[in-house]
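Notes follow once the structure below has been shown.
These numbers come from the heavy atoms of this one structure, side chains and all, not from hydrogens, waters or symmetry mates. The structure presented is a predicted model; accordingly, all values stated were derived computationally and were not measured.
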Amino acid sequence: TIHTTTRARRMAHEFAKAVLDKATTPLQRVKAVRVALRLGMPLCDIERYLDWLDGCRSCRSCQRTRHAHGSAERKPETL
């Protein structure tokens, strides 16, 4: 049925995202993209997800660098 197909597709995309998330080297990313494509995830969705992941990872590394140097951003105080 349509509901089962949609659910299966959603689960396949979640699995593809997990594979993409674990890929840290360029070679692992190439392999992860192939897996995601085989699972039926459109290339535009893969690219969008990888861009989002890169943004998240760069924010985390920036935060770690600021914390290591003692210049972490402080939360603005409420008035």
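Looking at residues two or more places apart in sequence or on another chain, you find a side-chain hydrogen bond (donor to acceptor under 3.5 Å, both in side chains) between Arg48 and Asp45. Every residue two or more places apart in sequence or in another chain that forms a side chain to side chain contact (heavy atoms under 4.5 Å, CB included) with Thr24 is listed here: Gln28. Asp54 pairs by the salt bridge (Lys or Arg N to Asp or Glu O under 4.0 Å) definition with Arg29, not counting sequence neighbours. Contacts of Glu47 classified as salt bridge (Lys or Arg N to Asp or Glu O under 4.0 Å), with partners at least two apart in sequence or in another chain: none.
Applying the under-4.5 Å side-chain rule to Ile, Leu, Val, Met, Phe, Trp and Tyr, the cluster around Leu39 extends to Phe15, Val19, Val35.
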**Prompt:** side chain to side chain contact (heavy atoms under 4.5 Å, CB included) between Ile46 and His13: does it pass, once the steps are laid out?
**Reply:** CA-CA 9 Å; Ile46 295 170; His13 284 201; over 6 Å; no

**Message:** Test side chain to side chain contact (heavy atoms under 4.5 Å, CB included) on Thr5 and Arg9; report intermediate values, then the result.
**Reply:** CA-CA 6 Å; Thr5 305; Arg9 186 178 315 127; 3.8 Å; yes

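With contacts defined as side-chain heavy-atom distances shorter than 4.5 Å, the pair Arg57/Leu53 qualifies.
Cluster membership for Leu27 and Leu20, using ILVMFWY side-chain heavy atoms within less than 4.5 angstrom, is not shared.
To the nearest 0.5 Å, atom SG of residue Cys56 and atom CG of residue Asp51 are 11.0 Å apart.
Screening residues 26-50 for ring-ring contact (aromatic ring centres under 6.0 Å, His included), with sequence neighbours left out, gives Tyr49-Trp52.
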